[in-house]
S.K.: 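Right, I'll just put the structure down here and ask away after.
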Amino acid sequence: MQFASESVEILIEQFSKLPTIGRKSARRLAAHVLKMPKKEVSQLATALLEVKERVRACSVCRNITDTEICIICSSSKRAVDMVCVVQDPEDILALERTGEYRGTYHVLGGVISPLDGVGPDDLNIRSLLERIGKPDSEISEIILAISPTVEGDTTAFYLAQLLEPFGIKITRLARGIPVGLTLTYADEATLSRAIAGRDVMSEP
């Protein structure tokens with residue numbers, strides 16, 4: 001069943017391309033847009049365009065930001081000797097909600113997944129190595145906060161081996177997080193315990 005309007009059908013098609021949005025949900029969103037005041041629709045359209053035009057990757061940690069360096073990397077209140085390596089920017093939000101971690105981050109942009117055609121060169125690993133290898137680097141610990149999936153484990157062990165020659169402490173979140181659960185969906189209490197009880201993978 002289709003709407004009589006071709007414009008509405010095009011909108012539904014675009015909504016249905018979003019993650020977790022099926023055809024039925026896309027129809028509901030389109031119906032909601034039709035009921036919205038024109039000003040609100042214009043604001044939504046502007047916000048979507050500005051996201052694509054203004055948002056970039058932080059030049060230090062690869063987190064999403066509107067400026068060259070994100071607010072976390074530029075904050076004088078963050079501990080610069082600790083870098084928490086995460087899969088996606090959403091994981092930073094999850095960890096920040098715990099209030100447990102006060103260091104900086106590094107976003108990989110995914111995990112190693114040969115079946116999906118994602119290898120080490122497709123991730124932000126080189127920029128991480130460059131951060132650690134700088135002469136003035138104060139980094140003494142790398143926390144691998146990667147979701148405990150098969151791909152996440154593969155990525156964590158690959159990074160641990162790659163980072164070992166730097167002679168810095170390498171830890172991983174404690175297994176308070178159930179195997180197979182992505183970090184983004186873990187609750188704050190579980191994440192807090194995982195950060196506090198992180199496992200040592202390598203020490204200098």
S.K.: With side chains defined as the heavy atoms from C-beta onward, is the minimum distance between V86 and H106 less than 4.5 Å?
M.R.: no
S.K.: For the residue pair R78 and T104, what are the closest heavy atoms and their distance?
M.R.: CB-CG2, 4.2 Å
S.K.: Would one find more than 12 heavy atoms of other residues, nucleotides or ligands at under 6.0 Å from atom CD1 of I132?
M.R.: yes
S.K.: Same cluster for L29 and I10 if Ile/Leu/Val/Met/Phe/Trp/Tyr side chains link at under 4.5 Å?
M.R.: no
S.K.: Check for me, please, whether V41 and L18 land in the same ILVMFWY cluster - side-chain distances under 4.5 Å, paths through other members count.
M.R.: yes
S.K.: Where is the tightest heavy-atom contact between P89 and V107, given as atom of each residue plus distance?
M.R.: CD-CG1, 3.7 Å
S.K.: With rounding to the nearest 0.5 Å, note down the distance linking SG in C61 to CG in N124.
M.R.: 9.5 Å
S.K.: Assess the residue pair V85 and I143 against the criterion (side chain to side chain contact (heavy atoms under 4.5 Å, CB included)); give the C-alpha distance rounded to whole Å, side-chain angles, the decisive distance to 0.1 Å, and a yes or no.
M.R.: CA-CA 6 Å; V85 179; I143 304 171; over 6 Å; no
S.K.: Below 4.5 Å, heavy atoms only, C-beta onward: do V83 and E141 meet side chain to side chain?
M.R.: no
S.K.: Of all heavy-atom pairs between S16 and R23, which one has the smallest distance, and what is that distance?
M.R.: OG-NH1, 4.5 Å
S.K.: Decide yes or no for D153 and R172: does some side-chain heavy atom of the first lie under 4.5 Å from some side-chain heavy atom of the second?
M.R.: yes
S.K.: Indicate yes or no: at least one non-hydrogen side-chain atom of V111 is less than 4.5 angstrom from one of I146.
M.R.: yes
S.K.: Please answer whether the main-chain N or O of G133 pairs with a side-chain N or O of S137 as donor and acceptor at a distance below 3.5 Å.
M.R.: no
S.K.: Could you tell me whether the side chain of C58 reaches within less than 4.5 Å of the side chain of I64, counting heavy atoms only?
M.R.: no
S.K.: With no hydrogens and no angle check, is any side-chain donor or acceptor of D122 less than 3.5 Å from a backbone partner on G119?
M.R.: yes
S.K.: Are I139 and F166 close enough that some pair of their side-chain heavy atoms sits under 4.5 Å apart?
M.R.: no
S.K.: Should V60 and R131 be marked as a side chain to side chain contact (heavy atoms under 4.5 Å, CB included) after you check the CA-CA gap, both sets of side-chain angles, and the distance that decides it?
M.R.: CA-CA 8 Å; V60 177; R131 281 181 73 179; 3.7 Å; yes
S.K.: Charged N to carboxylate O below 4.0 Å: is that the case for E9 and R27?
M.R.: no
S.K.: Enter the distance from K17:NZ to Q14:CD here, rounded to the nearest 0.5 Å.
M.R.: 4.0 Å
S.K.: At what distance, to the nearest 0.5 angstrom, does OG1 of T155 lie from CG of L123?
M.R.: 6.5 Å
S.K.: What's the shortest heavy-atom distance between F15 and A26, and which atoms?
M.R.: CB-CB, 3.7 Å
S.K.: If you look only at pairs with a residue in residues 38-49, which of them pass as a salt bridge (Lys or Arg N to Asp or Glu O under 4.0 Å), with sequence neighbours excluded?
M.R.: none
S.K.: Can you tell me if S25 uses its side chain to pair, donor with acceptor, with the backbone of I21 under 3.5 Å?
M.R.: no
S.K.: Within the 4.5 Å heavy-atom criterion, are I142 and I168 side-chain neighbours or not?
M.R.: yes
S.K.: Please check this pair: side chain of Y105 against backbone of C73, looking for a donor-acceptor N/O pair closer than 3.5 Å.
M.R.: no
S.K.: Heavy-atom distance under 4.5 Å between the side chains of T171 and K169, does that happen here?
M.R.: yes
S.K.: Output the distance between atom CZ (F157) and atom CD1 (I112), rounded to the nearest 0.5 Å.
M.R.: 12.5 Å
S.K.: C84 vs L95, test: side chain to side chain contact (heavy atoms under 4.5 Å, CB included). Steps then yes/no.
M.R.: CA-CA 10 Å; C84 186; L95 289 165; 3.8 Å; yes
S.K.: Membership question, hydrophobic clusters at under 4.5 Å side-chain separation (ILVMFWY): are L144 and L129 in the same one?
M.R.: yes
S.K.: Please collect all side chain to side chain donor-acceptor pair (under 3.5 Å) contacts where either partner lies in residues 58-77, sequence neighbours excluded, each pair once.
M.R.: T65-T67
S.K.: I would like to know whether L159 and L108 meet side chain to side chain contact (heavy atoms under 4.5 Å, CB included); could you show each step before the answer?
M.R.: CA-CA 11 Å; L159 286 173; L108 291 177; 3.9 Å; yes
S.K.: What closest approach, in Å, do I12 and A30 show between heavy atoms, and which atom pair accounts for it?
M.R.: CG1-CB, 3.5 Å
S.K.: Tell me whether I71 at atom CD1 has more than 12 heavy atoms from other residues, nucleotides or ligands lying less than 6.0 Å away.
M.R.: no
